Amino acid sequence: MLGYPSGLDLSSSALRFLTARLREHRRALGTRWRRLSAGRQALLALAHLRNGHPYAQLAAGFGIGTTTAYRYITEAVDLLACLAPTLAEAARAASMKAFVLLDGTLLPMDRIAADRPSYSGKHKKHGMNVQVIADPFGRLLWASPALPGAVHDVRAAREHGIVDALADAGANCLADKGYQGAGGTVRVPYRGRWETLSTGQQAVNRSHARIRALVEQAIATLKSWRLLRKLRCSTTRITSLVQAVLTLHLASSDRG
């Protein structure tokens, strides 16, 4: 297979952050020598997450075997996933905001038609449901573990404990109609046909929709990592991938 030079539309701070974590990890393990330096391993993992390139293609570009590429990437992803903020930490951060935004997104994946648990009737495709919390400016604060696409947003929020965590932290939350009945501090639009709502209710719904739309920026941030746009891995790996991306995004944001 031929190799070729390429580029990543990422800040160098992401590379420095992951390189430092890998060096610490290698020192803890007592690793003496590897085919790739910590910096090259970090670049390999970032290329996989950001561009979604397959292992064989990356292995050829980095001059290593496909199995080695898989092992190096998995190690880096698992290391990053362990550093992702917990829901409790996200709820504490949310309590310091005027409010937060909650929404769910579907991460599409390859599955056969018979694989019903991962099929989303709302999106008409197979995928995994991930809940996203954003600040009032649409900046990504937290992303949940992945659930099968057939799980509705309000059920996913309850299973993850998002509603209770935000309520316990006293954090106000805006969400769409998919979270009707969630309770706690989650606020949703008024129900009913537009023409049956009062003028005041219509004004509230318009304002709610305008503010809540900013959560799409957080979802776009998550999906700017191209690997998450079309998942081809085992469903057991998806949560780790999402958490790894979250860690990298927050680390890069903290470093400006």
Side-chain angles (χ1 to χ4, degrees), residues 6-11 13-15 17-18 21 42-58 69-70 72-87 90 101-111 115 117-120 122-135 138-153 156-157 159-160 162 178 214-253:
S6 184
L8 289 174
D9 54 341
L10 280 176
S11 167
S13 62
L15 179 62
F17 174 81
L18 181 51
R21 303 292 81 74
L43 185 60
L44 171 72
L46 291 176
H48 178 66
L49 291 169
R50 190 66 172 182
N51 290 339
H53 291 161
Y55 298 117
Q57 187 174 341
L58 290 169
Y70 172 82
Y72 281 4
I73 291 171
T74 299
E75 180 182 48
V77 166
D78 289 346
L79 184 61
L80 289 169
C82 290
L83 300 174
T86 64
L87 176 57
L101 308 169
L102 172 65
D103 201 1
T105 187
L106 187 80
L107 302 182
M109 64 180 186
D110 287 337
R111 282 296 182 271
D115 192 2
S118 64
Y119 184 78
S120 169
K122 175 182 176 180
H123 297 278
K124 309 300 182 187
K125 63 178 68 172
H126 292 83
M128 299 296 282
N129 179 304
V130 171
Q131 299 292 298
V132 171
I133 296 177
D135 73 5
R139 293 177 297 211
L140 180 63
L141 294 178
W142 184 78
S144 75
L147 291 175
V151 176
H152 295 287
D153 284 338
E159 286 196 22
H160 293 309
I162 297 172
L214 292 171
V215 74
E216 296 298 331
Q217 295 181 21
I219 292 174
T221 295
L222 199 62
K223 293 187 176 180
S224 66
W225 297 77
R226 298 174 187 86
L227 184 70
L228 300 182
R229 296 180 190 175
K230 189 66 172 180
L231 295 160
R232 295 179 174 83
C233 62
S234 166
T235 56
T236 60
R237 295 291 304 159
I238 296 174
T239 291
S240 293
L241 293 172
V242 171
Q243 298 301 302
V245 165
L246 176 64
T247 297
L248 286 168
H249 168 72
L250 294 178
S252 297
S253 300

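In this text the structure is predicted, and so the values were computed from the model without any measurement. All heavy atoms count here, side chains included; hydrogens, waters and symmetry mates do not.
- From L241, atom CG reaches atom CG of L222 across 10.5 Å, with rounding to the nearest 0.5 Å.
- Counting heavy atoms from C-beta on, the side chains of L15 and L10 never come closer than 4.5 Å.
- Within the 3.5 Å criterion, the main-chain N or O of K223 finds a donor-acceptor partner in the side chain of R229.
- Closest non-hydrogen pair, A134 versus V215, comes out as CB-CG2, 4.1 Å.
- Rounding to the nearest 0.5 angstrom, the gap separating the CH2 atom in W225 from the NE2 atom in H249 is 9.5 Å.
- Considering CG of N51 and CD of Q57, their distance stands at 9.0 Å, rounded to 0.5 Å.
- Side-chain atoms of T247 come within 3.5 Å of backbone N or O of L80 as a donor-acceptor pair.
- With rounding to the nearest 0.5 Å, the separation of CG in L18 from CG in L79 is 7.0 Å.
- Summarising the geometry of G52 relative to R226, their closest heavy-atom pair is N-CB, 4.5 Å, with the distance given to 0.1 Å.
- A donor-acceptor pair is defined here as one N or O able to donate and one able to accept, closer than 3.5 Å; no such pair exists between the side chain of R50 and the backbone of L8.
- Between H126 and L231, every side-chain heavy-atom pair lies at or beyond the 4.5 Å cut-off.
- No side-chain heavy atom of D153 sits under 4.5 Å from any side-chain heavy atom of L102.
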Could you check K230 against M109 for side chain to side chain contact (heavy atoms under 4.5 Å, CB included), going step by step and ending with a plain yes or no? CA-CA 5 Å; K230 189 66 172 180; M109 64 180 186; over 6 Å; no

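- Residues N129 and H152 are not in side-chain contact: their nearest non-hydrogen atoms beyond the backbone lie 4.5 Å or more apart.
- Between L246 and A143, the closest heavy-atom pair is CD2-N, 3.6 Å.
- Between L106 and K125, the shortest heavy-atom contact is CD2-CG, 3.4 Å.
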Yes or no on side chain to side chain contact (heavy atoms under 4.5 Å, CB included) for L228 and V130, after CA distance, side-chain angles and deciding distance? CA-CA 11 Å; L228 300 182; V130 171; over 6 Å; no

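- Side-chain contact between W142 and V132 is absent, with no heavy-atom pair separated by less than 4.5 Å.
- In this structure, R139 and Q217 have side chains that are not in contact, with every pair of non-hydrogen atoms separated by 4.5 Å or more.
- L248 and F17 make their closest contact through CD2-CD2, 4.3 Å (heavy atoms, listed as atom of the first residue, atom of the second, distance).
- From H48, atom NE2 reaches atom OG1 of T74 across 7.5 Å, with rounding to the nearest 0.5 Å.
- In this structure, Y70 and Y55 have perpendicular ring planes: the angle between them is above 60°, well past the 30° mark.
- Side chain of T239 to main chain of P145: no donor-acceptor pair is present (N/O by atom type, distance under 3.5 Å, no hydrogens or angles).
- Residues L147 and M128 fail the side-chain proximity criterion, which asks for heavy atoms closer than 4.5 Å.
- A heavy-atom distance below 4.5 Å is not found between the side chains of Q243 and V77.
- Interatomic distance, L214 CG to I219 CD1, rounded to the nearest 0.5 Å: 11.5 Å.
- Annotation for S234 and T236: closest pair OG-OG1, 2.8 Å, computed over non-hydrogen atoms.
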